[in-house]
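The shown structure was predicted, so the numbers you read here are calculated from the model rather than taken from an experiment. A, B, ... follow the sequence lines: proteins, then strands. Residue 1 opens every chain.
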Amino acid sequence: MPELPEVESYRRLGEAALHREVAEVVAPDTWFLKGGLTPEHLVGAVTGRTFDVSRRIGKLMLLDTDGGPTVGLRFGMTGRLLVDGHAGVDELEYSSVRDEPAWDRVTFRFADGGDLRIRDPRRLGGVLLDPDEGRLGVDALTVTPAGLRAALGASTAPLKARLMDQGRVAGVGNLIADETLYRAGLDPARPAGSLAPAELRRLHRALRATVSLLIERGGSHTGDLQQARRPGGTCPRDGTALLRRTVGGRTTWSCPRHQR
DNA sequence: ATTGTGGCCTGCCCGC
DNA sequence: TGCGGGCAGGCCACAA
């Protein structure tokens with residue numbers, strides 16, 4: 001599903017949509033417009049403008065308009081970005097690759113004939129206008145050791161839940177959380193505030209390395225743990241039968257031997 | 001304030 | 001071959 005690596009791909013793809021006049025905005029699905037946004041408002045705010053910056057904070061993609069508002073794109077777990085018919089990501093775990101125009105929830109048509117579309121079969125994503133960027137924590141790709149320590153704080157919540165709290169650390173989804181904790185050798189259910197300094201350093205290194213690696217490999221589903229994340233799966237590191245649990249309300253796979 | 005839970009969305013996969 | 005029940009998880013509303 002789109003986690004930080006996919007949205008980073010979408011952000012880069014979005015750069016192909018910059019400096020092109022938006023001639024038409026099509027938003028047929030009002031459910032997909034969030035924060036009280038109406039189709040009329042979105043059309044009026046963006047038509048005739050150009051996008052001049054393509055940004056990303058965590059899993060939120062931001063397109064700044066030239067002198068106007070910022071358009072926020074959320075991809076949920078099944079959303080794709082298409083620019084001029086090209087997809088930002090080929091393969092998407094749990095989603096579909098079918099070319100189904102009915103899944104296009106919002107389309108910005110450019111005066112030159114091309115377009116930028118968000119296509120989401122399950123309608124779990126959304127489009128916002130001027131989203132509150134302050135609600136998001138520090139981006140997982142650039143978080144510092146001190147930033148991570150502050151994000152975890154003295155919390156008694158499960159480590160994994162805190163890592164996935166977008167208001168603390170932005171961009172970590174279920175697959176990256178499992179992969180990061182696997183690499184760091186930490187039990188997802190540990191209280192977030194219980195990490196010793198050495199464990200915190202390990203977690204920080206693992207988080208940064210995991211996010212960078214998965215961007216390089218091309219998706220959040222390309223982690224080493226991913227292929228073993230299934231019934232009967234064994235730890236790629238030591239061969240132990242993996243443990244499947246619900247932690248922080250999410251399906252969680254971990255190695256009971258080396259994740260402590 | 002913090003933490004936990006349930007519901008929403010719907011395509012897809014599995015078993016009958 | 002068709003059908004129905006689970007399942008996936010990001011996000012939000014709500015409860016304790």
- Task: Using five pairs at either end of the helix from B/dT2-C/dA16 to B/dC16-C/dG2, determine the angle between the two local helix axes and round it to 10 degrees.
- Result: 40°

- ring-ring contact (aromatic ring centres under 6.0 Å, His included) with A/His41: which residues, sequence neighbours excluded? none

Round to the nearest Å and state the distance from [X] atom [atom1] to [N] atom [atom2].
X	N	atom1	atom2	value
A/Met77	C/dC11	CE	P	12 Å
A/Leu4	C/dC11	CG	P	11 Å
A/Arg122	B/dC12	CZ	P	8 Å
A/Trp103	B/dC9	CH2	P	17 Å
A/Lys160	B/dT3	NZ	P	17 Å
A/Asp132	C/dC12	CG	P	11 Å
A/Lys59	C/dG10	NZ	P	4 Å
A/Glu3	C/dG10	CD	C1'	9 Å

- Query: Quick one: is A/Thr156 getting a side-chain N or O under 4.0 Å of the B/dT3 phosphate, OP1 or OP2?
  - Reply: yes

- Query: For B/dG11, does OP1 or OP2 lie under 4.0 Å from any side-chain N or O of A/Thr78?
  - Reply: no

- Distance-only donor-acceptor test, A/Arg250 side-chain atoms vs C/dG10 base atoms, 3.5 Å: yes

- From B/dC9, C/dG10, C/dC11, pick the nucleotide closest to the side chain of A/Trp31? B/dC9

- Message: Counting only side-chain heavy atoms from C-beta out, which of B/dC9, C/dC11, B/dT3 sits nearest to A/Arg123?
- Response: B/dC9

- Position toward the 5' end of DNA chain B (nearest nucleotide), A/Arg105 or A/Gly249: A/Gly249

- By a strict heavy-atom criterion of less than 4.0 Å, which residues belonging to residues 161-168 of chain A are in contact with DNA chain B? A/Arg162, A/Arg168

- Task: Using a 4.0 Å heavy-atom cut-off across all strands, classify A/Pro158 as base, sugar-phosphate, or nothing.
- Result: sugar-phosphate

- Which is true for A/Arg230 with a 4.0 Å heavy-atom rule: it touches a base, it touches only sugar-phosphate, or it touches nothing? nothing

- Message: On DNA chain C, does the nearest nucleotide to A/Leu128 precede the nearest nucleotide to A/Leu124 from the 5' side, or the other way round? Give the residue.
- Response: A/Leu124

- Note on the structure: Assert: residue with more 5' nearest nucleotide on DNA chain C, out of A/Arg244 and A/Arg74, is A/Arg244

- Item | Charged N-O contact under 4.0 Å between A/Arg217 and A/Asp224 | yes

- Any side-chain heavy-atom pair from A/Phe110 and A/Thr50 closer than 4.5 angstrom? no

- Item | Results of salt bridge (charged side-chain N to carboxylate O under 4.0 Å, His left out) for A/Asp238 - residues two or more places apart only | none

- Residues in side chain to side chain contact (heavy atoms under 4.5 Å, CB included) with A/Arg56, at least two apart? A/Leu4, A/Val7, A/Glu8, A/Arg11, A/Asp139, A/Leu141

Using modelled atom types and a 3.5 Å cut-off, is there a donor and acceptor pairing between side-chain atoms of [X] and backbone atoms of [Y]?
X	Y	value
A/Asp115	A/Phe108	no
A/Arg105	A/Pro121	yes
A/Arg168	A/Leu152	no
A/Glu3	A/Ser220	no

- Summary of salt bridge (Lys or Arg N to Asp or Glu O under 4.0 Å) pairs that have at least one residue in residues 243-260 of chain A, sequence neighbours excluded: A/Asp187-A/Arg245

